[in-house]
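These numbers come from the heavy atoms of this one structure, side chains and all, not from hydrogens, waters or symmetry mates. Below, read A as the first sequence line, B as the second, and so on, with proteins coming before strands; counting in each chain starts at 1.
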There are 2 protein chains.
Amino acid sequence: MSCSQEYTPQLRARGYRMTPQRHAILHVLSHSGKHLSPGEVYAKAQKQVEGLTEATVYRTLEFLAENGLARPSHIGSGHLVYEIANHEHHHLKCRNCGDEMEVEHSLLKTMYQKLESASGYQLTDSHVTFFGLCPDCQKSEDV
Amino acid sequence: MSCSQEYTPQLRARGYRMTPQRHAILHVLSHSGKHLSPGEVYAKAQKQVEGLTEATVYRTLEFLAENGLARPSHIGSGHLVYEIANHEHHHLKCRNCGDEMEVEHSLLKTMYQKLESASGYQLTDSHVTFFGLCPDCQKSEDV
DNA sequence: TTCCTTATTGCAAGTTTTTGCAATAACACA
DNA sequence: TGTGTTATTGCAAAAACTTGCAATAAGGAA
Ligand SMILES: [Mn+2]
Ligand SMILES: [Mn+2]
Ligand SMILES: [Zn+2]
Ligand SMILES: [Zn+2]
């Protein structure tokens, strides 16, 4: 399966081009299945594309995010990580131990509608991280 | 009003110290009333503290955030900005024109509860940015 | 007030991320 | 299949952010 080749028409339709660099980066993202930092993407994609640059990786990740093929995420720490954009979801992260879980978008559905009618904004899919204490860390909290 | 002096006891109680650097940075944050980048904070605080370093600004902002006195925020762009922590709120940002508005936390209240019972997590105040199209940009979207 | 402990800072050297620009290569079209 | 337009890349330099460490100073105790 040429996996990321399916993205070519999407890019073409918007006047953009498919390149070996973009192909490799899409490949890396879609096979990893988790959030990757630009550095991690670079390390993996480099093996497929001779002479790939870090600058290109940064630019490409931002490009893919702008065009809806990748999703950027702030999982704490102030550093962006990326993942392939397939299913719409959000995250819960423990401030104490760093544990992290996914949340179905459906749980936020009605809240999104409330936000939309209250603000007039039309919400597109965000990819949000909520912070809190995981069940385990709540227990150890009771000194 | 010595404004940020009121934070001293909060720091002491946790075994930390109030310093001219922290005082100045708190002062800058609490008087600006909006999100500031580390660079902006540095530029303003520098005028009050001789020899203030950028490294100190970065460390201090992170420190204040960890201790609940400042709130970090990702308003798109992958770069952290900070604001003083007073009222709990979130943001709506237009992907097209960059317009931005605040959202009361109360609008997310029931969704937070739903998340908590579904996950077992105990949510602390996040400071979330949702993306979408503002009313104006929705109109111009209809080509 | 003075002394002591240690949290905090500045410095300087890393690392990461961004940017301008000229060279390259997709790909539309002849 | 060849050619031209221009989106995309690599390069190199800049800007933003992080880190280790020794010097400094906050503030508790005497
Ligand atoms: Mn995710
Ligand atoms: Mn805010
Ligand atoms: Zn935890
Ligand atoms: Zn707008």
Side-chain angles (χ1 to χ4, degrees), chain A residues 2 4-5 7-26 28 35-67 69-70 72-82, chain B residues 2 4-5 7-26 28 35-67 69-70 72-82:
Chain A
S2 69
S4 55
Q5 211 54 268
Y7 295 117
T8 305
Q10 293 191 54
L11 295 183
R12 294 270 177 80
R14 294 172 172 239
Y16 300 123
R17 301 170 182 177
M18 179 54 81
T19 66
Q21 292 84 350
R22 287 179 179 170
H23 186 88
I25 290 171
L26 282 165
V28 165
H35 298 155
L36 293 178
S37 70
E40 291 169 326
V41 171
Y42 173 65
K44 300 192 183 204
Q46 196 186 21
K47 295 173 184 167
Q48 299 173 51
V49 181
E50 182 75 17
L52 177 66
T53 315
E54 278 161 305
T56 296
V57 171
Y58 282 102
R59 278 187 292 222
T60 300
L61 289 172
E62 191 178 350
F63 167 84
L64 295 175
E66 276 169 0
N67 288 281
L69 303 188
S73 171
H74 296 284
I75 294 282
S77 90
H79 278 190
L80 271 184
V81 292
Y82 292 85
Chain B
S2 70
S4 55
Q5 211 52 267
Y7 295 117
T8 305
Q10 294 190 54
L11 294 183
R12 294 271 175 80
R14 295 172 172 239
Y16 300 123
R17 300 171 183 175
M18 179 54 81
T19 67
Q21 292 84 351
R22 287 179 180 169
H23 185 88
I25 291 171
L26 281 165
V28 165
H35 298 153
L36 293 177
S37 70
E40 290 168 327
V41 172
Y42 172 66
K44 299 192 182 204
Q46 196 185 22
K47 294 173 184 168
Q48 300 172 51
V49 181
E50 181 76 15
L52 177 66
T53 315
E54 277 161 304
T56 296
V57 172
Y58 283 103
R59 279 187 292 222
T60 300
L61 289 171
E62 191 178 351
F63 167 84
L64 294 175
E66 277 169 0
N67 289 281
L69 303 188
S73 171
H74 296 286
I75 294 281
S77 90
H79 279 189
L80 271 183
V81 292
Y82 292 84

(message) Name the residue from Leu69(B), Thr60(B), Leu61(B), Ile25(B) that meets the side-chain contact (heavy atoms from CB on, under 4.5 Å) definition with Tyr82(B).
(response)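 For Tyr82(B), the side-chain contact (heavy atoms from CB on, under 4.5 Å) check succeeds only for Leu61(B).
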(request) Pick out which of Ser73(A), Pro38(A), Pro72(A) makes a side-chain contact (heavy atoms from CB on, under 4.5 Å) with Leu80(A). (result)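 That would be Pro72(A); it is the only one of Ser73(A), Pro38(A), Pro72(A) passing the side-chain contact (heavy atoms from CB on, under 4.5 Å) with Leu80(A).
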Let me know the distance between [atom1] of [X] and [atom2] of [N], rounded to the nearest Å.
X        : N       : atom1 : atom2 : value
Glu66(B) : dT8(C)  : CD    : P     : 11 Å
Tyr58(B) : dT16(C) : OH    : C1'   : 11 Å
His23(B) : dA26(D) : NE2   : C1'   : 15 Å
Glu62(A) : dT18(C) : CD    : C1'   : 9 Å
Leu11(A) : dA28(C) : CG    : C1'   : 16 Å
Arg22(B) : dA25(D) : CZ    : P     : 15 Å
Arg14(A) : dC27(C) : CZ    : P     : 16 Å
Glu54(B) : dG14(C) : CD    : P     : 18 Å

(request) Identify the two heavy atoms, one from Val41(B) and one from Val28(B), that lie closest to each other, and give their separation to 0.1 Å. (result)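 Distance-wise, the nearest heavy atoms are CA-CG1, 4.4 Å.
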(request) Verify, without hydrogens or angle tests, whether Thr53(B) (side chain) and Ala55(B) (backbone) share a donor-acceptor contact under 3.5 angstrom. (result)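 Here the side-chain-to-backbone pair does not exist.
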(message) I'd like to know if the side chain of Thr56(A) reaches the main chain of Leu52(A), judged simply by a donor and an acceptor atom lying under 3.5 Å from each other, with no hydrogens or angles considered.
(response)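 Side chain of Thr56(A) to backbone of Leu52(A), a donor-acceptor pair under 3.5 Å: no, none is there.
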(request) Drop me the distance from His74(B)'s NE2 to His35(B)'s NE2, to the nearest 0.5 angstrom. (result)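 Output value for this atom pair is 11.5 Å.
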(request) Output the distance between atom CG (Leu64(A)) and atom CD (Glu62(A)), rounded to the nearest 0.5 Å. (result)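 Leu64(A) CG to Glu62(A) CD: 10.5 Å, rounded to 0.5 Å.
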Pairs: protein N or O with nucleotides 27-30 of chain D N or O, under 3.5 Å:
unit_1  : atom_1 : unit_2   : atom_2 : d
dG27(D) : OP1    : Arg12(B) : NE     : 2.9
dG27(D) : OP1    : Arg12(B) : NH2    : 3.2
dG27(D) : OP1    : Met18(B) : N      : 2.8
dG27(D) : OP2    : Arg12(B) : NH2    : 3.0
dG27(D) : O5'    : Arg12(B) : NE     : 3.4
dG27(D) : O5'    : Arg12(B) : NH2    : 3.3

(message) So, does His79(B) get its side chain near the phosphate of dC17(D), meaning an N or O under 4.0 Å from OP1 or OP2?
(response)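 For His79(B), the contact criterion (side-chain N or O under 4.0 Å from OP1 or OP2 of dC17(D)) is met.
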(message) Would Arg22(B) pass as a cation-pi partner of Tyr7(B), given that its NZ or CZ must be under 6.0 Å from the six-membered ring centre and within 45 degrees of the axis?
(response)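 Negative - Arg22(B) is either too far from the ring of Tyr7(B) or too far off its axis.
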Please produce a list of atom pairs where a protein N or O lies less than 3.5 Å from an N or O of nucleotides 10-14 of chain D.
unit_1  : atom_1 : unit_2   : atom_2 : d
dG10(D) : OP1    : Gln21(A) : NE2    : 3.3
dG10(D) : OP1    : Gly51(A) : O      : 3.1
dG10(D) : OP2    : Thr53(A) : N      : 3.4
dG10(D) : OP2    : Thr53(A) : OG1    : 3.2
dG10(D) : OP2    : Thr56(A) : OG1    : 2.5
dG10(D) : O5'    : Thr53(A) : OG1    : 3.2
dG10(D) : N7     : Arg59(A) : NH2    : 2.9
dG10(D) : O6     : Arg59(A) : NH1    : 3.2
dG10(D) : O6     : Arg59(A) : NH2    : 3.3

(message) Checking Tyr42(A) now: which residues fulfil ring pair (Phe, Tyr, Trp, His ring centres under 6.0 Å) with it, not counting sequence neighbours?
(response)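 If we apply the ring pair (Phe, Tyr, Trp, His ring centres under 6.0 Å) test to Tyr42(A), skipping adjacent residues, there are no hits.
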